[in-house]
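Heads up, the thing below is written out as structure tokens.
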2 protein chains.
Amino acid sequence: MTTACTDCPLRCQPMFQPMNAEEITFMQAFKSAEVEVPAGQVLLWEGQPSPWLFTVLRGQGLRSKMLPDGDRQVVNFVFPGDFLGLQSGVMGEMKHSVEATTDMTLCRFARADLWRVFRDQPARAFDLTYLAATEEHFLGEALLTLGQRDATSRLAWALLRLWRRAVATGMQGPRGVPLPWRQRDLADALGLSLVHTNKTLARLRILGAAHWSGGYLAVPDPAVLAELAQEEDGAATPRPLF
Amino acid sequence: MTTACTDCPLRCQPMFQPMNAEEITFMQAFKSAEVEVPAGQVLLWEGQPSPWLFTVLRGQGLRSKMLPDGDRQVVNFVFPGDFLGLQSGVMGEMKHSVEATTDMTLCRFARADLWRVFRDQPARAFDLTYLAATEEHFLGEALLTLGQRDATSRLAWALLRLWRRAVATGMQGPRGVPLPWRQRDLADALGLSLVHTNKTLARLRILGAAHWSGGYLAVPDPAVLAELAQEEDGAATPRPLF
DNA sequence: AGACGCGCATTAAACTGTGACATAGCTGGA
DNA sequence: TCCAGCTATGTCACAGTTTAATGCGCGTCT
């Protein structure tokens, strides 16, 4: 049973900009299926085209690139509401892989229909460009973090980002926000070794800035984490939902 | 005297995908001015909106982000044909600054007219999304480089990218390709100290892989540089010209 | 024309944040 | 029950940073 766009649980979250009735009607028609994906499955492969694009309805994952020698760079973590596959849609092939860390539910769209968005719905096409620019902005922030910050600041930055994104998507619970990834994933995102990441996470725990365990992240005072991250305090910036 | 789009010196370069007659006519009307910018001037400021977007007709520059403590991350180098200001156009403000390293000539477009592209020219809107995805792809590659490569490999990767981009834009001369930036700029792009960058450039020179001096870069055998960069050999991938 | 000063490139030496290696304990799935 | 994978910790090595100094070239001033 697929979720009607009028019943979408994400649209009311502060993370996402509102949609008008015409846009919802168009998206309902544009959505071709809703698929369940088990944890561990790769949704999109680096270097390959895909006939589908996706919006994440439920679950979490990550985007990564590989070096020939097997080293992996995690380029982003995937949350509900993220749009997947835009590179394949406009450039013909994905430049990174996307894999499910937890079981996921995806709204699926046909790549062959993407041109209809540009032809018939310029406002939605504008939102797609907005999402691409949002990803570009995030990667610029990540590049700054890897290029100019030390390990403690990098981890503080990453945990703050992940915490803000999860809170704005309505995922906060009594134990904190769900963080289903491994320390290896965070190490590969921040250009650190696994051992050094573990030691630096321990330092953040001792400082009381962040506590990640059992698949949950607790941030007692986000301003403390923001200071360690050399970031200003504040919430996640809303973006279009596609 | 502005350059007519029919006379654009960039369109025939292998770096850029072809444009049809309708697209050229639209761009001629869309272009509001041609401006000269002296070396050192900032074209776009991080954190601020801009009423203009630009395509670089001539000259070179860089894009950068600043940390509160004054550290700078160079996020990309700017070449003829690059489109500047898309983040301001769709997100309302620039997420990085753009400054001229040499004297530059820019084709200028009004941000207020950007909606016309999406409404009237879906193929051009698609190209804009393509350009945003191209920048996202590049930043993913840069993130991989900073996260998983050592200093020698990073410099080899950067010089190879810059060389390929310049060659595909028709900038090759007897002394190599023009590289007007400082070692400080490359260091700030690759997350290295100035001293270590200088030493590693010397190593590449001794290896005969790359020779950067007097504002020019010579690459005797790009396959050698590609190997040091852990990259496959090949030319720059063509992209749309806006 | 000559002097001066600033910015950039280059090099040496000392220091350190991070990586590499090894080991132990815990947990969940087969 | 067993084992692979993950988390955690200690120790040592080193790639890269920091500090300091020198030389060169170019632009400005006299």
Side-chain angles (χ1 to χ4, degrees), chain A residues 38-40 62 67 69-74 99 101-103 145-159 178-207 210-218 228 230, chain B residues 38-40 62 67 69-74 99 101-103 145-159 179-206 210-218 228 230:
Chain A
L62 54 75
L67 268 173
D69 67 3
D71 286 340
R72 177 186 70 158
Q73 178 64 41
V74 170
E99 79 180 75
T101 301
T102 68
D103 294 342
T145 297
L146 265 62
Q148 304 302 327
R149 287 171 164 140
D150 64 13
T152 302
S153 187
R154 288 184 203 185
L155 276 152
W157 175 84
L159 294 181
L179 220 79
W181 301 283
R182 299 302 188 197
Q183 291 185 8
R184 158 67 59 195
D185 298 326
L186 197 51
D188 286 353
L190 299 176
L192 299 169
S193 73
L194 174 58
V195 173
H196 198 57
T197 297
N198 181 275
K199 289 173 180 173
T200 312
L201 281 168
R203 188 177 309 146
L204 290 181
R205 194 180 307 129
I206 287 169
L207 290 170
H211 191 282
W212 179 21
S213 71
Y216 285 87
L217 172 67
L228 287 171
Q230 294 168 278
Chain B
L62 55 74
L67 267 172
D69 67 4
D71 285 342
R72 178 185 70 156
Q73 178 65 39
V74 170
E99 78 181 76
T101 302
T102 69
D103 293 342
T145 298
L146 264 62
Q148 303 302 327
R149 289 173 163 137
D150 64 13
T152 303
S153 188
R154 288 184 204 185
L155 277 152
W157 176 84
L159 294 181
L179 220 80
W181 301 283
R182 298 303 185 195
Q183 291 185 6
R184 158 68 59 198
D185 298 326
L186 197 51
D188 287 354
L190 299 176
L192 299 170
S193 71
L194 175 56
V195 172
H196 197 55
T197 297
N198 180 276
K199 289 172 180 172
T200 312
L201 282 168
R203 187 177 310 146
L204 290 181
R205 194 181 308 130
I206 289 169
H211 191 281
W212 178 21
S213 71
Y216 286 87
L217 171 66
L228 288 170
Q230 293 168 280

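Letters go in sequence order (proteins before strands), and every chain restarts at 1.
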To the nearest Å, how far apart are A/D188 CG and D/dC6 P? 11 Å

Rounded to the Å, how far apart are B/R182 CZ and D/dG25 P? 14 Å

Between A/S153 (side chain only) and A/L228 (backbone N and O only), is there a donor and an acceptor less than 3.5 Å apart? yes

Protein-nucleotides 16-24 of chain D N/O pairs under 3.5 Å:
{"residue": "D/dG16", "atom": "OP1", "partner": "B/A151", "partner atom": "N", "Å": "3.1"}
{"residue": "D/dG16", "atom": "OP2", "partner": "B/H196", "partner atom": "NE2", "Å": "3.2"}
{"residue": "D/dG16", "atom": "O5'", "partner": "B/H196", "partner atom": "NE2", "Å": "3.3"}
{"residue": "D/dT17", "atom": "OP1", "partner": "B/G191", "partner atom": "O", "Å": "3.4"}
{"residue": "D/dT17", "atom": "OP1", "partner": "B/S193", "partner atom": "N", "Å": "3.2"}
{"residue": "D/dT17", "atom": "OP2", "partner": "B/S193", "partner atom": "N", "Å": "2.9"}
{"residue": "D/dT17", "atom": "OP2", "partner": "B/S193", "partner atom": "OG", "Å": "2.9"}

Can you tell if the side chain of B/L186 reaches within under 4.5 Å of the side chain of B/L155, non-hydrogen atoms only? yes

Rounding to an integer number of Å, can you tell me how far A/W212 CH2 sits from D/dC6 C1'? 11 Å

A/L179 and A/Y216, any side-chain heavy atoms less than 4.5 Å apart: no

Rounded distance in Å - CG (B/L204) to C1' (C/dA9): 16 Å

Spell out, as yes or no, whether a donor-acceptor pair under 3.5 Å connects the side chain of A/D185 to the backbone of A/R182. yes

B/R205 side-chain N/O to C/dT10 phosphate OP1/OP2 under 4.0 Å: yes

Does the A/Q148 side chain pair with the main chain of B/R72, one donor and one acceptor, at a distance under 3.5 Å? yes

Check this one for me: any side-chain N or O of B/Q183 less than 4.0 Å away from OP1 or OP2 of C/dG7? no

Distance check: side-chain N/O of B/N198 vs OP1/OP2 of C/dA9, anything under 4.0 Å? no

Five pairs per end, C1' atoms only: what is the angle between the end axes of the helix from C/dA1-D/dT30 to C/dA30-D/dT1, to 10 degrees? 40°

Would the distance check show the side chain of A/R149 and the main-chain N or O of A/R154 forming a donor-acceptor pair, the cut-off being under 3.5 Å? no

Using side-chain heavy atoms (C-beta onward) and a distance below 4.5 Å, is B/Q230 in contact with A/D71? no

Under 3.5 Å donor-acceptor, A/Q73 side chain and A/A189 backbone: yes

